[in-house]
Each structure stands twice: as structure tokens, then as C-alpha cells.
Amino acid sequence: TGVIHLKKLNETHADQEITVITRIHNSRVQSAKLAFLMLRQQGETIQAVMAAAGDDVSKQMIKWATAIPVNSFVRVTGLVKKPDPAIASASISNLELNVKKIYEISRAMEMLPMQVKDCERPPPESNEEGQSDATGPIVTLKTRLDNRVIDFQTDVNQAIFTISSAVEVLFTDYMVKAGSRKFNTAKFVGAATEGGAGVFEVTNYFGKSAYLAQSPQFYKQMLIAGDCESVFEIGPVFRAENSNTHRHLTEFTGLDFEMVFTNHYHEVLTFAENLIVFIITTLQKSYAAEIATVQKFYPRAGDFRIKDNKALRLNYADGIRLLKEAGVDTSEQDRFETDLSTAMEKQLGKIIREKYDTDFYVLDEFPMAVRPFYTKRHPTDPNLSNSYDFFMRGEEIMSGAQRINDAGELEQSMRAKGVDPTAEGFQDYVNAFRQGCRPHAGGGLGLNRIVQFFLGLDNVRQATPFPRDPQRLRP
Ligand code: ATP
Ligand code: AMO
């Protein structure tokens with residue numbers, strides 16, 4: 001009777017004696033002689049039946065076992081049975097466990113701040129505490145995040161983070177197969193890479209000030225200048241943006257890549273398209289069970305549409321035109337100085353889904369005015385740049401561009417954006433381009449957003465194990 005994982009249990013175990021180590025999800029006393037325990041392991045559940053009939057189980061044992069607090073860990077040995085269909089259904093392909101022995105391994109508190117079962121439905125839209133209905137308390141996202149260790153135990157959260165892990169692994173696989181190398185670059189840095197206001201300062205760096213990296217942007221490019229040719233990184237990204245939205249965090253996981261190209265930055269754009277298509281289609285193929293589990297709460301999880309398994313490629317100007325045709329006021333954007341607002345992005349996502357039947361698309365050739373200083377200008381239209389954003393369901397998941405690879409041109413671009421290239425912290429970056437650097441391009445994806453928008457989750461925090469935002473530093 002070896003210990004078996006609930007996720008591995010199947011019909012071939014019928015009539016065998018097995019042992020499982022699980023939590024008690026709930027227990028129900030039918031009579032002094034009969035009780036049912038729902039056992040749970042990593043989101044999987046099975047019903048355990050305790051019947052005081054033979055020699056194994058006594059009435060005292062039933063009394064004792066059903067008094068064990070919910071969520072406690074138990075070690076249970078029993079006989080796997082196909083149950084009488086008249087009895088309550090268990091979730092593992094109609095198997096149940098006839099208990100012979102049960103030991104308590106680790107006891108849960110009697111009064112937990114919330115129960116896992118209370119998190120087995122989507123959080124309400126409002127953050128108003130204390131609501132309930134016939135099914136029980138309605139637990140807000142805030143309370144769930146405050147008690148994340150309990151919240152994590154639901155099958156939906158187990159599935160979300162299986163998928164999140166898979167995205168990192170698939171990204172890594174694809175990059176390595178393409179001959180790229182993985183790096184971990186410094187997170188204590190001397191300068192803001194993506195704009196001054198959004199950077200966290202570390203004031204006690206041995207008598208100096210340092211910053212938390214806003215992206216590995218400079219290092220990706222310096223490695224290219226160091227003949228690395230293709231690099232990638234998966235690491236933390238810090239943004240001091242006081243953005244309290246459904247998709248902004250102050251710390252998120254960046255999937256960054258950078259590579260040289262031979263003729264045109266569209267080689268890298270195509271690479272990024274293929275990379276993301278690979279991730280999405282592999283998730284749809286190999287993680288269908290997890291997607292179906294998430295779909296119980298978030299109906300859109302299973303309907304991510306990727307037409308012909310490729311990205312729809314449009315220019316930024318096409319996006320503006322589509323919005324205009326739909327009657328959206330784009331007068332601010334028409335001067336090519338203001339980016340699309342979140343609302344416009346979402347609306348464009350709707351238009352594109354209706355018109356082109358896809359949830360995955362790219363906008364290329366963004367206005368130079370809305371892109372960071374390291375972005376390469378368009379060769380013929382000075383208002384534009386060789387840069388692109390990727391969208392899933394109308395929300396940005398990736399930004400990227402061809403980069404300036406000439407020190408003089410970079411200094412000029414920095415000055416034009418109000419950045420002093422001679423400031424400490426920028427010098428090493430600019431100097432990297434003084435000894436020659438091949439033309440290159442890259443991009444940065446937000447892991448949390450990919451998971452959020454692929455699965456159609458309402459909030460990026462649901463795709464983040466321990467989210468950080470302007471209001472939240474715990475748990
Ligand atoms: P990036 O990754 O380039 O920063 P992003 O998706 O994080 O992109 P921003 O570039 O910061 O978003 O902004 C994109 C859009 O999101 C902007 O048009 C901006 O209006 C909107 N946005 C940013 N912060 C907020 C906020 N706090 N509330 C509402 N909308 C916001
Ligand atoms: P950008 O600033 O657009 O680009 O960031 C890249 C991607 O990171 C995600 N993201 C966020 N996710 C959660 N919370 C946030 N506050 C947040 N901000 C951004 C988004 C976004 O597309 N250096 C460039 C990338 C490059 O050009 O290579 C950069 O950082 O998914």
C-alpha cells in the first residue's frame with residue numbers, strides 16, 4: 001500500500017488498497033455508523049466513506065475523524081471502490097475510498113479566516129466585505145489575497161499557476177531551441193531605463209542611491225554589444241507607478257528577449273509572433289484540463305481565439321483607422337503624440353475580434369513620441385518608429401522595438417526625450433555602442449498579463465502569486 005497522489009488515482013486502482021496524504025475538504029456525518037469525508041490534494045478531490053460495518057472502522061473512529069477540523073492533513077488508507085451511483089458523486093472518475101485507517105498528520109485551526117470552499121466561486125466585482133447569499137459568504141478578492149495561502153488551495157488557483165509555470169517553461173524552451181542564452185541581470189541599477197518617474201529608489205545602498213530595475217533593457221542591449229547575439233531573461237520588474245488598475249502591478253515577472261537581425265527588424269517581430277503562438281497553442285493543446293478548470297469561474301478561459309494559429313499584423317495607424325470607423329474620437333491620437341488609452345485598446349480588441357476573428361494581434365510602427373528613447377526611428381517617416389506592441393483580447397502583453405545601435409544617435413534621442421546621456425548610470429549603456437554593435441531588436445512580455453488575458457481573468461492579481469501594488473505589501 002504505497003502512498004499515491006490523488007491526481008494519479010484512476011479506475012485501474014479499483015478494488016486495491018491505497019494510502020493518500022490529503023487535506024480534509026469537508027466532512028459530513030450521516031449517522032453514528034456512516035460518515036463521508038471529502039479529501040483534497042492540489043485541487044483534486046475524492047470522497048472517503050467511513051462505515052462502521054466490519055472490523056476496520058468503529059463508531060468512535062467516525063466520531064473522532066469527523067471532528068478533525070477542515071483543512072487538516074490526514075493520512076488515509078482504504079479500498080478504492082466504484083461507488084453506488086445513488087451515493088454522492090466523487091470527482092475522480094467516480095471513484096471513492098472505503099476508509100480502513102486514518103491518522104491526523106497536521107491539524108488546522110478550528111476558525112480559519114475563510115474556508116477554501118468559500119473561494120470556490122469567482123470573487124465579486126465589488127470589494128464590499130460581508131456579503132453573502134444562499135451558498136454562503138461571498139469572499140472578496142482582497143480577503144482572498146490577504147489569505148492567499150488558503151486561497152491558493154482551490155482547484156482554479158492550482159490550475160492558474162500550473163499554466164503560469166508552463167508559460168515560463170515554454171518561453172525558455174523556445175528561446176533555448178532558437179539558440180538563445182538565458183541571463184540574470186542586475187536588479188540594483190543606477191538609472192531609470194523606462195522613464196524617470198516610475199522608478200523605485202533604494203536610499204541605503206552603502207551611502208549611495210540605487211534604483212530597482214524597471215526592466216533589463218540596458219543589460220539586454222549591452223549583452224548584444226558583447227557579442228551574445230541572442231539573449232533572454234525571466235526576472236522581476238519594478239514599476240513605481242501609482243496605477244490602481246486591473247492590469248498594473250508594482251512588481252511583475254518580465255519575460256525579456258533581445259537579438260541581432262540580418263536585414264530587417266521584422267525578422268524579430270516574426271520571431272516574437274511565432275514564440276507567442278507557440279506558447280498559446282501549446283497551452284491550448286497540453287493544458288486543456290487546467291483551462292477547463294479555470295473556465296468554471298472564468299467562462300472566457302476556453303475561448304481564446306487565435307485565427308489560423310498566427311498573429312494578425314496591423315500598423316498603429318490601422319488601429320486608429322479601425323477605431324475611427326467605429327465612431328471613436330481619436331483626435332488626441334491623430335497628432336501621433338498620445339498613445340491609445342486603455343479603453344481604446346479594449347475597444348480595438350473588440351473590433352478586431354469581430355472583424356478578423358482573432359484575440360491575438362500586433363500593432364507595428366508606433367509613433368516615436370510615445371516610445372522610450374532607445375527606440376529606433378522609422379527610416380522614412382520621422383513621426384513613426386520601428387516598434388510594436390502585442391495584444392491579447394485587446395490588452396497589451398508585450399512591447400518591443402528595434403533599438404538604436406549607434407552611440408551618437410542614442411545620445412541625441414536621449415536628449416530629445418529630456419534624458420542626460422552623460423549622467424552616471426547612463427554612461428556605461430551609451431558607451432556600450434562606441435565599439436560597434438549589430439542592429440538588434442527585442443521585446444518584453446509581462447508573464448502575469450499573459451496568464452490574465454489568455455485565461456480571461458478579471459484582474460492581474462489573480463495571476464500573481466503574491467501581488468504587489470500601491471496598496472499591498474503583504475502577504
Ligand atoms: P507599458 O507597459 O508600456 O507601461 P502599460 O500597458 O503598462 O504599458 P501604460 O503604457 O502605462 O500601460 O499605459 C497604457 C495605457 O494604460 C495608457 O493609455 C494609460 O492611459 C492607461 N493607464 C495607465 N495607468 C493607468 C491608470 N492608473 N488608470 C487608468 N489607465 C491607466
Ligand atoms: P513595457 O514597459 O511595455 O516595455 O513592459 C513590457 C511588458 O510588461 C508588462 N507590464 C506590466 N505588467 C504588470 N504591471 C505593470 N505595471 C506592467 N507594466 C508593464 C506588459 C508590457 O507589455 N523595455 C521594454 C520592453 C522592450 O522593449 O524590450 C519595456 O519594459 O505586459
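These numbers were taken from a predicted model, which means no experiment stands behind them.
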Assess whether a salt bridge exists between D146 and R472, defined as any Lys/Arg side-chain N lying under 4.0 Å from an Asp/Glu carboxylate O.
yes

Consider only side-chain N and O atoms of E201 and S209, and report whether a donor and an acceptor are under 3.5 Å apart.
yes

Is the closest side-chain heavy-atom distance between F466 and L145 below 4.5 Å?
no

Qualifying residues under side chain to side chain contact (heavy atoms under 4.5 Å, CB included), relative to V176, sequence neighbours excluded
T172, F232

Ring pair (Phe, Tyr, Trp, His ring centres under 6.0 Å) between Y316 and F336: does it pass, once the steps are laid out?
CA-CA 10 Å; Y316 181 85; F336 276 51; 5.7 Å; yes

Are R371 and F366 in a cation-pi contact, defined as NZ or CZ under 6.0 Å from the six-membered ring centre and within 45° of the axis?
yes

Answer yes or no: is there an ion pair linking K324 with D334, defined by an N-O contact shorter than 4.0 Å?
yes

Tell me, yes or no, whether the heavy-atom count around K8 atom NZ, taken from other residues, nucleotides or ligands under 6.0 Å, exceeds 12.
no

Report yes if the side chains of M222 and T185 come closer than 4.5 Å at any heavy-atom pair, otherwise no.
no

Can a salt bridge be assigned to the pair R300 and D303 using a cut-off of 4.0 Å between side-chain N and carboxylate O?
no

Does a side-chain heavy-atom distance below 4.5 Å link M175 with R181?
no

Evaluate salt bridge (Lys or Arg N to Asp or Glu O under 4.0 Å) for R247 paired with E396, printing each intermediate quantity in order.
CA-CA 9 Å; R247 68 177 205 199; E396 178 197 320; 5.1 Å; no

Within the supplied structure, the quantity of interest is the number of heavy atoms (other residues, nucleotides, ligands) at a distance under 6.0 Å from Q412 CD; does it exceed 12?
no

Do you know which of E258, Q221, H440 makes side chain to side chain donor-acceptor pair (under 3.5 Å) with R403?
E258

Counting only heavy atoms not in E424, do more than 12 sit closer than 6.0 Å to its CD atom?
no

Side chain to side chain, V260 and P439, heavy atoms closer than 4.5 Å:
no

Is the count of non-hydrogen atoms from other residues, nucleotides or ligands lying under 6.0 Å from Q435 atom CD greater than 12?
yes

Could you walk me through whether Q462 and N157 pass side chain to side chain contact (heavy atoms under 4.5 Å, CB included), step by step?
CA-CA 8 Å; Q462 287 158 327; N157 277 335; 5.7 Å; no

Which heavy atom of V362 sits nearest a heavy atom of A311, and at what distance?
CG2-CB, 3.9 Å

Is there a side-chain contact between D420 and F426, using heavy atoms and a 4.5 Å cut-off?
no

Under 4.0 Å between a Lys/Arg side-chain N and an Asp/Glu carboxylate O for D357 and K307?
no

How would you list, by chain and number, every residue that makes a side chain to side chain contact (heavy atoms under 4.5 Å, CB included) with D318, sequence neighbours excluded?
L314, N315, R321

Whether K310 and E273 form a salt bridge (side-chain N of Lys/Arg under 4.0 Å from carboxylate O of Asp/Glu) is what I want to check.
no

Inspect the surroundings of CG in D133 and state if more than 12 heavy atoms from other residues, nucleotides or ligands are less than 6.0 Å away.
yes

Between R438 and D227, is there a salt bridge with N-O shorter than 4.0 Å?
no

Taking side chain as C-beta onward, heavy atoms only, is E233 less than 4.5 Å from K220?
no

Parallel, tilted or perpendicular: which fits the ring planes of F453 and H246, with parallel below 30° and perpendicular above 60°?
perpendicular

Any non-hydrogen side-chain atom of Y265 less than 4.5 Å from a side-chain atom of Y388?
yes

Set out, in order, the CA-CA distance, both residues' side-chain angles and the distance that settles side chain to side chain contact (heavy atoms under 4.5 Å, CB included) for H248 and V460, then state yes or no.
CA-CA 7 Å; H248 285 89; V460 71; over 6 Å; no

Charged N to carboxylate O below 4.0 Å: is that the case for R434 and E411?
yes

